[in-house]
Engineer: 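Have a look at this one.
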Amino acid sequence: MAMAVDSMVLFVAVALLFNLAASQSTAKYTNHTVGGPAGWFYNINTKKTSADYSAWAAKQTFNLGDYLIFSTNTNQTVIQTYNETTYRNCSMDDASDDDTFQYQGGSNEFGEAMTVAVPLTIEGPQYYFSDADDGVQCLNGMAFEIKVGHGIGLPPSLNQPPPPPYVEPPSTIEAESPPITVVTSHPNGGGVRSSTGLFLVVSALVILVLHLV
């Protein structure tokens, strides 16, 4: 009887391990296209967004390692913040440098298509909006908030420490040194001048003596 119980416990343990391994193997990260097929757009004439972004976000499950994909153009911006006050103000003017980020699509042309991929690397609430038109787009619905769960954790590609801060390299032009006073001595020349003076004095005395004689 004891052997039968042990066999049953072993069977259950193996089954649990198998299910856990299966769930880990099927777990994956998700790319969430913001707004679905409608994308991340704002119509300046109708003052309406192309999708209800809050309703869209409410239907999604976000985890570490997932990406938000903003299919948009250069008429909109993509602001990510962990500061709810910044989000409510629809402006990053007073935001801190370490909790608010503006993603660029690599183009400064007006109306040019671009795709912005934002990795989810921090658990908890975070907020997204467009501050274009001095925040008018955000005030008219171009904003949403999400809550990021742990999921299966960050993949190795995102689980990296931030790079060290940039340090200006030293200048290649050497600083000018202060002028150096060079003292040149001429011991031999000085000796010659002294000997010459003595010779003249002696010669003058000899001539004077001869003249007197």
Side-chain angles (χ1 to χ4, degrees), residues 23-24 26-163:
S23 63
Q24 290 291 334
T26 57
K28 60 181 181 179
Y29 301 103
T30 302
N31 290 337
H32 305 270
T33 301
V34 177
W40 180 251
F41 295 99
Y42 180 82
N43 189 315
I44 60 175
N45 296 318
T46 62
K47 299 187 183 303
K48 292 183 178 180
T49 58
S50 58
D52 185 336
Y53 299 109
S54 294
W56 168 84
K59 298 177 182 178
Q60 310 294 314
T61 299
F62 304 96
N63 288 306
L64 291 176
D66 290 355
Y67 273 82
L68 295 181
I69 308 298
F70 290 82
S71 178
T72 184
N73 63 31
T74 51
N75 296 357
Q76 290 74 223
T77 62
V78 177
I79 309 297
Q80 177 193 44
T81 183
Y82 302 99
N83 188 323
E84 186 175 0
T85 301
T86 298
Y87 173 68
R88 299 300 177 193
N89 290 337
C90 286
S91 172
M92 59 180 297
D93 290 344
D94 299 322
S96 173
D97 291 338
D98 60 358
D99 65 13
T100 303
F101 310 91
Q102 179 169 352
Y103 288 86
Q104 301 291 347
S107 172
N108 293 321
E109 296 296 328
F110 185 78
E112 185 169 324
M114 67 179 185
T115 299
V116 179
V118 180
L120 304 182
T121 60
I122 298 178
E123 289 183 60
Q126 48 192 267
Y127 311 90
Y128 295 84
F129 64 96
S130 171
D131 69 345
D133 299 330
D134 295 325
V136 171
Q137 293 186 6
C138 173
L139 292 171
N140 284 319
M142 201 156 196
F144 64 95
E145 59 184 287
I146 66 175
K147 186 173 183 180
V148 179
H150 183 79
I152 58 175
L154 286 174
S157 60
L158 294 177
N159 191 18
Q160 300 292 331

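Along the sequence shown, the residues carry numbers beginning at 1.
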Engineer: Do Asp98 and Ser96 meet the criterion of a side-chain donor-acceptor pair at a distance under 3.5 Å?
Structural biologist: yes
Engineer: Find the distance between CG (Asp131) and CE (Met142) and round it off to the nearest 0.5 Å.
Structural biologist: 11.0 Å
Engineer: Under 3.5 Å, side chain of Thr81 to main-chain N/O of Asp99, donor-acceptor pair present?
Structural biologist: yes
Engineer: Can you check whether Thr85's main-chain N or O pairs, donor with acceptor, with Asn83's side chain at less than 3.5 Å?
Structural biologist: yes
Engineer: Test Val118 against Tyr128 for side chain to side chain contact (heavy atoms under 4.5 Å, CB included), laying out the working first.
Structural biologist: CA-CA 10 Å; Val118 180; Tyr128 295 84; 3.9 Å; yes
Engineer: Go through it in stages, so that I can follow the logic: the residues are Lys48 and Asn140, the test is side chain to side chain contact (heavy atoms under 4.5 Å, CB included), and I'd like the CA-CA distance, side-chain angles, deciding distance and then a yes or no.
Structural biologist: CA-CA 7 Å; Lys48 292 183 178 180; Asn140 284 319; over 6 Å; no
Engineer: Return all side-chain donor-acceptor pairs below 3.5 angstrom for residues 63-72, not counting sequence neighbours, or 'none' if the list is empty.
Structural biologist:
unit_1, atom_1, unit_2, atom_2, d
Asn63, OD1, Gly151, N, 3.4
Asp66, OD1, Thr30, N, 2.8
Asp66, OD2, His32, NE2, 3.1
Asp66, OD2, Asn63, N, 3.0
Thr72, OG1, Trp40, O, 2.6
Thr72, OG1, Gln76, NE2, 3.0

Engineer: For Asn43 and Thr46, indicate whether the former's side chain and the latter's backbone hold a donor-acceptor pair under 3.5 Å.
Structural biologist: yes
Engineer: Any idea which heavy atoms bring Thr49 and Gly141 closest together, and the distance?
Structural biologist: CG2-C, 3.7 Å
Engineer: Kindly indicate whether the side chain of Asn75, heavy atoms from C-beta on, has any atom under 4.5 Å from the side chain of Tyr42.
Structural biologist: no
Engineer: Counting neighbours of CG on Leu158 that are heavy atoms of other residues, nucleotides or ligands and sit closer than 6.0 Å, is the number greater than 12?
Structural biologist: yes
Engineer: Could you grab the distance from atom OH of Tyr103 to atom OG1 of Thr115, nearest 0.5 Å is fine?
Structural biologist: 15.0 Å
Engineer: Any non-hydrogen side-chain atom of Gln137 less than 4.5 Å from a side-chain atom of Thr77?
Structural biologist: no
Engineer: So, do Ile79 and Thr86 sit near enough that their side-chain heavy atoms are less than 4.5 Å apart?
Structural biologist: no
Engineer: Provide the closest heavy-atom pair for Ala38 versus Ala51 in the form atom of the first, atom of the second, distance.
Structural biologist: CB-CB, 3.9 Å
Engineer: When rounded to the nearest 0.5 angstrom, what distance separates CD in Glu145 from OH in Tyr127?
Structural biologist: 5.5 Å
Engineer: For a 4.5 angstrom cut-off between non-hydrogen side-chain atoms, does Asp94 reach Asn89?
Structural biologist: no
Engineer: Measuring from Arg88:CZ to Leu139:CG, what's the distance to the nearest 0.5 Å?
Structural biologist: 12.0 Å
Engineer: I'd like to know if the side chain of Thr74 reaches the main chain of Glu112, judged simply by a donor and an acceptor atom lying under 3.5 Å from each other, with no hydrogens or angles considered.
Structural biologist: yes
Engineer: Calculate, to the nearest 0.5 Å, the distance between atoms CG and SG belonging to Asp134 and Cys90 respectively.
Structural biologist: 11.5 Å
Engineer: Taking Phe144 as the fixed residue, which of Phe129, Trp56, Phe62 is the one that meets the ring pair (Phe, Tyr, Trp, His ring centres under 6.0 Å) rule?
Structural biologist: Trp56
Engineer: How long is the gap from CD on Gln80 to CE on Met92, to the nearest 0.5 Å?
Structural biologist: 11.0 Å
